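The structure under discussion appears below in the form of structure tokens.
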Amino acid sequence: MAKRDEKAITPRGEDYSQWYQDIVLKAELADYSPVKGCMVIRPTGYALWEATQRALDGMFKETGHVNAYFPLFIPMSFLSKEAEHVEGFAKECAVVTHHRLSAKEGGGVEPSPDSVLEEPLIVRPTSETIMYAMYAKWIRSYRDLPLLLNQWANVVRWEMRTRLFLRTTEFLWQEGHTAHATHEESWEEVVRILDIYARFAQEWMAVPVIKGLKSESEKFAGALQTTCIEAMMQDGKALQAGTSHDLGQNFARAFDVKFQDEKGEWQHCWQTSWGVSTRLIGALIMAHSDDQGLVLPPRLASTQVVIVPIYKDDAGRARVLESAGALKSRLMEAGFGAVLDERDTVSPGFKFNEWEMKGVPVRLEIGPRDVDQGACVAVPRVPTRDLREGEKRQKETVPLERAPEVLRGLLDDIQKALFARALAFREERTWPVDDYADFRERIEGGGFFLGHWCGSGDCETRVKDETKATLRCIPFEAPAEAGKCLVCGGESPRRVIWARAY
RNA sequence: CGGGGCGUAGCGCAGCCUGGUAGCGCACUUGGUUCGGGACCAAGGGGUCGGAGGUUCAAAUCCUCUCGCCCCGACCA
């Protein structure tokens with residue numbers, strides 16, 4: 001039987017990058033666009049983002065946040081009001097300098113020379129500046145606090161090298177920006193949001209993450225401190241999946257965001273900002289997918305189950321489709337995202353492979369034999385238990401009337417199995433390391449390395465230069481443990497995570 | 001911006017070294033047999049060989065220039 005594609009795809013092999021792109025393109029999640037560095041998100045990919053939005057938005061609202069929207073364009077001068085901020089973003093800003101085109105000699109158009117903007121506008125790389133300019137107007141009293149806003153938007157960062165979903169010139173994200181009366185309160189917010197991100201990653205995406213603090217060199221430009229969640233991809237590299245920043249009073253001072261407290265004294269607000277982006281979709285793909293294609297966690301899959309009818313002739317087709325249609329209705333009424341693949345132009349085998357490639361968590365096969373006994377055959381995209389001897393795929397015959405409850409259980413099992421598998425994968429590739437030479441050798445194979453660190457930027461830089469690994473985070477949940485810095489031998493209070501990253 | 005690779009049918013590629021007027025697989029169309037893991041047989045349709053210039057009787061093939069894409073690196077809340 002001829003395979004559709006000769007080229008093998010290997011999640012953990014040398015062609016990991018190619019494998020990843022193959023999945024994105026073949027599962028029709030996204031495509032390259034005419035604009036270099038930007039991607040087109042296709043309906044199947046966008047559905048994942050919508051599911052992400054729904055889930056996160058629910059959690060934000062539960063904790064008192066509301067959505068708003070601020071302009072795409074930011075006056076150039078705004079960016080430079082906070083010194084570290086401008087330094088961090090100046091190198092990757094798209095700048096709008098004209099507001100009109102005019103016909104060019106010899107055809108075509110060009111920016112009209114007489115339409116130069118008085119002040120150039122930058123396309124937002126993030127919205128701290130434009131939002132806080134408004135916060136300064138809106139906040140007057142401690143009674144106006146806390147201000148808890150979130151915005152779903154696109155941002156542009158002119159990165160030198162891009163990769164579908166993981167780092168694109170334009171990307172979609174959510175950015176929350178809050179203002180508080182005290183540092184205690186704002187820090188609580190930072191942690192509250194980081195917890196939401198971790199919960200979403202683990203409970204919805206089934207991607208285990210480590211919560212921690214960024215080092216001085218890795219923190220957000222303009223923040224006091226940056227917290228993050230870090231995940232491990234199937235090539236052993238780390239991916240920062242979300243950040244939550246303690247901005248202190250840095251931006252409040254730069255933008256004059258002040259309030260009068262109960263005693264009538266003017267104080268600068270304590271602020272936070274936090275965000276996750278479409279990069280999460282990349283994380284999802286890289287964490288779970290396999291050589292068969294995309295693997296989606298049931299909680300995020302818009303199509304949770306596909307019904308594939310099997311028949312030999314027109315009479316059989318009518319009979320099977322009747323049962324299959326009733327089954328689909330029953331499942332949809334029970335709240336599942338169900339699709340019935342009625343196509344008569346491709347074989348069942350073709351459908352099996354195609355839906356597996358698209359990552360649909362469960363397939364239900366229904367053929368004449370099943371109709372006779374009022375049943376169907378359930379096949380999960382990934383096994384939820386160890387396969388028996390000689391068993392290629394986990395299959396289970398299910399009476400039609402029990403299909404919803406069996407499906408419910410199967411989807412739950414898949415969700416759990418994916419998380420367990422990803423967690424085991426990470427734990428198998430996480431090691432304590434105390435010898436720098438040993439570390440330099442083993443980092444080549446990927447993985448997380450727990451090493452002591454004295455806290456100096458010099459040691460951090462040296463590791464980066466010599467191993468291409470970076471300090472991913474100082475984990476919150478790591479036990480205090482005195483030791484010697486991996487690099488310089490200086491005093492260290494706890495182990496931190498070193499890894500190569502995306 | 002450096003290093004490497006690639007532009008030939010909708011997709012994936014061969015042909016180039018050694019010039020002779022374009023081919024394979026998939027997809028597509030038609031007919032038939034199939035259909036519980038990517039079906040088979042037969043007959044078809046489809047190409048400015050990325051672009052420009054040069055060499056030559058003759059260029060996908062050789063030379064020069066150019067445009068674009070991908071990978072690695074530099075860069076990256």
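Numbers restart at 1 for each chain; the letters A, B, ... are given by sequence-line order, proteins then strands. Computed from a predicted model, the values in this text were never measured in an experiment.
- A search for side-chain hydrogen bond (donor to acceptor under 3.5 Å, both in side chains) contacts involving A:Ser289 returns nothing, not counting sequence neighbours.
- Using the six-membered ring where Trp is involved, A:Phe200 and A:Trp204 have ring planes that are parallel, under 30° apart on the 30 and 60° scheme.
- Along RNA chain B, the nucleotide closest to A:Pro368 and the one closest to A:Thr126 are compared, and the more 5′ of them pairs with A:Pro368.
- Here, B:G36 and B:C17 have their P atoms 47 Å apart, quoted to the whole Å.
- Separation of atoms CH2 (A:Trp173) and CD (A:Gln151) is listed at 9.0 Å; rounding is to 0.5 Å.
- The nucleotide whose nearest atom lies closest to any side-chain atom of A:His245 is, among B:A77, B:G36, B:C75, B:A77.
- Comparing the C1' positions of B:G45 and B:G53 gives an interatomic distance of 35 Å, to the nearest angstrom.
- No hydrogens or angles considered: nothing links the side chains of A:Thr129 and A:Glu82 as a donor-acceptor pair under 3.5 Å.
- Taking the C1' atom of each, B:U55 and B:U61 are spaced 13 Å apart, rounded to whole Å.
- In this structure, A:Gly88 reaches neither bases nor backbone, as no heavy-atom distance under 4.0 Å exists between it and the strands shown.
- Between A:His65 and A:Trp274, the two ring planes are perpendicular [angle over 60°; tilted spans 30° to 60°].
- In the set B:G37, B:A77, B:G36, B:G36 carries the atom at the smallest distance from any side-chain atom of A:Arg369.
- The NE2-C1' distance, from A:His85 to B:C76, rounds to 15 Å in whole Å.
- Under a cut-off of 6.0 angstrom, the local environment of CD in A:Glu401 is crowded, with over 12 non-hydrogen atoms contributed by other residues, nucleotides or ligands.
- Here the nucleotide nearest the side chain of A:Phe350, chosen from B:A39, B:C75, B:G36, is B:A39.
- Atom C1' of B:C67 sits at a distance of 7 Å from the matching atom of B:G51, rounded to the whole Å.
- Computed from coordinates, the A:Arg167 CZ to B:A74 P distance equals 11 Å when rounded to whole Å.
- Contacts of A:Trp158 with the nucleic acid, taken as non-hydrogen atoms under 4.0 Å apart, are absent.
- A:His180 and A:Trp270 have their aromatic ring centers separated by at least 6.0 angstrom.
- Nucleotides B:G37 and B:G46, compared at atom C1', are 32 Å apart to the nearest Å.
- If you check distances only, the side chain of A:Gln240 does reach the base of B:A77 with a donor-acceptor pair under 3.5 Å.
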Check nucleotides 33-35 of chain B against the protein and report each pair of N or O atoms closer than 3.5 Å, with its distance, or say if there are none.
residue: B:C35; atom: O2'; partner: A:Tyr311; partner atom: O; Å: 2.9
residue: B:C35; atom: N4; partner: A:Lys312; partner atom: O; Å: 3.1

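- A 3.5 Å limit on both hydrogen-bonding distances identifies B:U30 as the Watson-Crick or G-U partner of B:A42.
- Checking B:A59 for Watson-Crick or G-U wobble geometry (two distances, each under 3.5 Å) identifies no partner in any strand.
- The structure places OG of A:Ser127 at 11.5 Å from CG of A:Leu149, a figure rounded to the nearest 0.5 Å.
- Within the shown strands, nothing qualifies as a pairing partner of B:U18 under the Watson-Crick or G-U definition with both distances less than 3.5 Å.
- In this structure, of B:G37, B:C70, B:C75, it is B:C70 that holds the atom nearest to the side chain of A:Tyr32.
- Across B:C49 and B:A9, the matching P atoms stand 10 Å from one another, rounded to whole Å.
- Atom CZ of A:Phe255 sits about 11.5 Å away from atom CG of A:Asn250, to the nearest 0.5 Å.
- Between A:Glu92 and A:Gln21, it is A:Gln21 whose nearest contact on RNA chain B lies nearer the 5' terminus.
- Nucleotides B:A14 and B:G2 place their C1' atoms 32 Å apart, quoted to the nearest Å.
- For A:Phe89, counting side-chain heavy atoms from C-beta on, the closest listed nucleotide (B:G36, B:A77, B:A74) is B:A77.
- Computed from coordinates, the A:Glu128 CD to B:A77 P distance equals 13 Å when rounded to whole Å.
- Nucleotide B:G12 has B:C24 as its partner under the Watson-Crick or G-U criteria, with both atom distances under 3.5 Å.
- Taking atom C1' on both nucleotides, B:A60 is separated from B:G3 by 27 Å, rounded to a whole Å.
- Picking from B:G36, B:C75, B:G37 the nucleotide with the shortest atom distance to the side chain of A:Lys91 gives B:C75.
- Which of B:C71, B:A77, B:G36 sits closest to the side chain of A:Ser277 comes down to B:A77.
- Rounded to an integer number of Å, the gap from A:Asp246 CG to B:A77 C1' is 15 Å.
- If you check B:U48 for Watson-Crick or wobble pairing at under 3.5 angstrom, you find it has no partner at all.
- Atom pair A:Met160:CE and B:G73:C1' shows a separation of 11 Å (rounding to whole Å applied).
- Across all strands, A:Lys219 comes closer than 4.0 Å only to sugar-phosphate atoms, never to a base (heavy-atom distances).
- Of the candidate nucleotides B:C70, B:A77, B:G37, B:G37 has the atom nearest to the side chain of A:Arg363.
- Both tests pass for A:Arg363 against the ring of A:Phe352: distance under 6.0 Å to the centre and angle within 45° of the axis.
- Between B:G37, B:C76, B:A77, one nucleotide has an atom nearer to the side chain of A:Lys395 than all others, and that is B:G37.
- Between B:G37, B:C70, B:C75, one nucleotide has an atom nearer to the side chain of A:Lys36 than all others, and that is B:C70.
- The separation between A:Leu280 atom CG and B:A77 atom C1' is 14 Å, rounded to whole Å.
- Pairing for B:C69 goes to B:G5, judged as Watson-Crick or G-U wobble with the two contacts each under 3.5 Å.
- Checking B:C76 for Watson-Crick or G-U wobble geometry (two distances, each under 3.5 Å) identifies no partner in any strand.
- Within the shown strands, nothing qualifies as a pairing partner of B:C35 under the Watson-Crick or G-U definition with both distances less than 3.5 Å.
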